[in-house]
Number of protein chains: 2
Amino acid sequence: MKIEFLTRDENRAVQNEIIAKIRDLINFKNLEPGDKLPSERMLSEKFGVSRSSLRETIQKLEIYGLLKSRPQSGTFIADIGPIAMQGMFKDILELEAPDFKALVETRILLELKTCRLAALRRTEEDLAHMKEALDAFADKVNKGEDAVQEDLLFHLSIAKASGNSTLNMFMLIITPEIITNFEKYHVCNVDRERLGLRIREHEEIFEAIKNQDPTLAKEKMKVHFKMLYEYCYNIE
Amino acid sequence: MKIEFLTRDENRAVQNEIIAKIRDLINFKNLEPGDKLPSERMLSEKFGVSRSSLRETIQKLEIYGLLKSRPQSGTFIADIGPIAMQGMFKDILELEAPDFKALVETRILLELKTCRLAALRRTEEDLAHMKEALDAFADKVNKGEDAVQEDLLFHLSIAKASGNSTLNMFMLIITPEIITNFEKYHVCNVDRERLGLRIREHEEIFEAIKNQDPTLAKEKMKVHFKMLYEYCYNIE
DNA sequence: ATAACAAAATTGGTTAACCAGATTGGTTTG
DNA sequence: CAAACCAATCTGGTTAACCAATTTTGTTAT
């Protein structure tokens, strides 16, 4: 158990060292945006790390948009300029692991937006998808079973209906962590009455989106979160 | 040029195939949360793909929180339950590439929040960091040079001051794409008078955060974005 | 029968050799 | 002299062999 975290941290530390070395290389050699980085072989030798570790790190920096690898050609520096590049590197290296509070805070922010956008943009297909998730949640609750998963899937169906793939992606990234923390802190263990209320809230959100009323949808989502919010903050 | 996108899409397509195969495996074999996936060697052979491709895919699914690799032990399925698992897989596979509109929309949402949080939580260190970025921006503008990078770095310093590492991470992810699109569409090419106004807006945001006035900070940020917003929407 | 231990097999991670396509520099040809 | 072409070289991607730690399993001693 402890070892897992240790190796993870070690791994992260190694990767951060490589990131710092790449930053220094770009800085020192005055590499301009669009320039080609030295080949992976050269870099791995120069840095004294395995080529696979280096490739892994490059892939991470590709996610952050700082590098672009082109097959059989080379790895290139993104066109964001040297100053932004150095700033981004600094921030990425200093970035710390998210805590539960940050996750919930972010989730609420994202969902109030996706909800509103979904009301504006949802297609018939989106509605069908949402309805399906809604029914699955209600069924599970009525059976008296745990329904955290179905709950979250309904919210994800809203994110999808928002038509904003960036917001959708962000919701997907935070959702598993949210679920595990919910189960960990037993956020889901609420009484039957409250769960029935939860279904109604979902239905009201769904109806607002169906009727293309963004203001109402957001308002209903806010109410939905209000209970969750105070429940979460009681834990900490 | 065209080839780059082709190979990227091909790569993505291959990865998505592997993701689908992993999903089917979990589904078909009724693997429970916490269960161990077959070894990388077995999977790569079974799927008919290279082990490195498989590892790459596993790493991607680790980012989304669906899998957890433990050295010398195995790859394990996250504790989010089978239903959430299948839903997540579906959404990830259907996720499409973000467009500029989605990026700007997301950015504005994130920044109105980070700005507010920064006003509540900023430390003295954060303030110093922000002030530095602010001055760098003003200097560059006063010299009549392009200052898109400094502009964005000021905004990133606010994200950092928000004390929410998830929001900070999301800002880091979208920023490079924002910069390149800004330069592509020449969003930065505005007249001197407007740039002077931009500096004042930054200063006002900074002051509001310094004075720990979240409402004012958000309001000032909203004004700041109003100009940007209408400018962006004129392009499309 | 059970607990302790050790050896063998299995694991993700690493390294090194290999591949196909892109780049480049020199040569040829109009 | 310039443009076209071709082969040598360099690239990221792939494959296969290797490593160290872990897990399992069989054996032994109590």
Side-chain angles (χ1 to χ4, degrees), chain A residues 1-19 21-22 25-26 29 31 34-78, chain B residues 1-19 21-22 25-26 29 31 34-78:
Chain A
M1 199 65 172
K2 199 173 184 179
I3 301 157
E4 177 192 1
F5 294 121
L6 276 176
T7 52
R8 269 187 175 271
D9 282 353
E10 277 176 30
N11 225 322
R12 189 186 169 78
V14 169
Q15 203 170 59
N16 276 355
E17 274 179 42
I18 299 176
I19 291 178
K21 281 174 181 170
I22 293 176
L25 181 87
I26 293 175
K29 292 226 172 181
L31 293 178
D35 279 0
K36 190 164 73 174
L37 232 57
S39 71
E40 294 181 351
R41 282 169 251 273
M42 260 190 221
L43 285 181
S44 64
E45 195 183 354
K46 192 183 176 85
F47 293 166
V49 299
S50 73
R51 207 183 135 197
S52 43
S53 300
L54 183 78
R55 278 175 63 77
E56 209 174 303
T57 307
I58 289 175
Q59 277 166 31
K60 182 171 178 180
L61 291 178
E62 272 190 283
I63 294 176
Y64 281 105
L66 301 187
L67 300 178
K68 302 268 176 192
S69 269
R70 286 201 305 199
Q72 282 79 38
S73 176
T75 301
F76 296 83
I77 301 175
Chain B
M1 199 65 173
K2 198 171 182 180
I3 300 156
E4 177 192 0
F5 294 121
L6 275 175
T7 52
R8 271 188 174 270
D9 281 353
E10 276 176 29
N11 224 322
R12 190 185 168 80
V14 169
Q15 204 171 56
N16 275 355
E17 274 179 40
I18 299 177
I19 291 178
K21 281 173 181 169
I22 294 177
L25 181 87
I26 293 175
K29 291 225 172 181
L31 294 178
D35 279 0
K36 191 164 73 172
L37 232 56
S39 71
E40 294 181 352
R41 281 170 252 273
M42 259 190 219
L43 285 182
S44 64
E45 194 183 356
K46 192 184 177 83
F47 295 166
V49 299
S50 73
R51 208 184 134 197
S52 43
S53 301
L54 183 78
R55 278 174 62 77
E56 207 175 307
T57 306
I58 289 175
Q59 277 166 30
K60 182 170 179 181
L61 292 178
E62 272 190 285
I63 295 177
Y64 281 105
L66 301 187
L67 300 177
K68 302 267 177 194
S69 268
R70 285 200 308 197
Q72 281 77 40
S73 178
T75 302
F76 297 83
I77 301 175

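Sequence lines set the chain letters: A, B, ... in the order given, protein chains first and strands last, and positions in each chain run from 1.
- Going from atom CG of Asp35(B) over to atom P of dT23(D) covers 16 Å, rounded to whole Å.
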Between the protein and nucleotides 9-12 of chain D, list every N/O to N/O distance that falls short of 3.5 Å.
from: dG12(D); atom 1: OP1; to: Thr75(A); atom 2: N; distance (Å): 3.4
from: dG12(D); atom 1: OP2; to: Glu40(A); atom 2: N; distance (Å): 3.1
from: dG12(D); atom 1: O4'; to: Gln72(A); atom 2: N; distance (Å): 3.2
from: dG12(D); atom 1: N7; to: Arg41(A); atom 2: NH2; distance (Å): 2.7
from: dG12(D); atom 1: O6; to: Arg41(A); atom 2: NH2; distance (Å): 2.6
from: dG12(D); atom 1: N2; to: Gln72(A); atom 2: NE2; distance (Å): 3.0
from: dG12(D); atom 1: N3; to: Gln72(A); atom 2: NE2; distance (Å): 3.4

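- Side-chain atoms of Leu43(A) and Thr75(A), non-hydrogen and from C-beta on, never get closer than 4.5 Å to each other.
- Between Glu56(B) atom CD and dG13(C) atom C1' there is a gap of 15 Å when expressed in whole angstrom units.
- Here dT23(C) presents its P atom at 7 Å from CZ of Phe76(A), a figure rounded to the nearest Å.
- With hydrogens and angles disregarded, a donor-acceptor distance shorter than 3.5 Å links the side chain of Lys21(B) to the backbone of Phe47(B).
- The two residues Ser53(B) and Ile18(B) make their nearest non-hydrogen contact at CB-CD1, 4.0 Å.
- Applying the 6.0 Å contact sphere to CD of Gln59(B) captures more than 12 heavy atoms from other residues, nucleotides or ligands.
- Between the Glu62(A) side chain and the Ser69(A) main chain, a donor and an acceptor come within less than 3.5 Å of each other.
- Contact check for Ile58(A) versus Glu40(A): side-chain heavy atoms found under the 4.5 Å cut-off.
- Whole-Å rounding puts the Leu54(B) CG to dG12(C) C1' distance at 11 Å.
- For Leu43(B) and dT11(C), the CG to P distance is 10 Å, given to the nearest whole Å.
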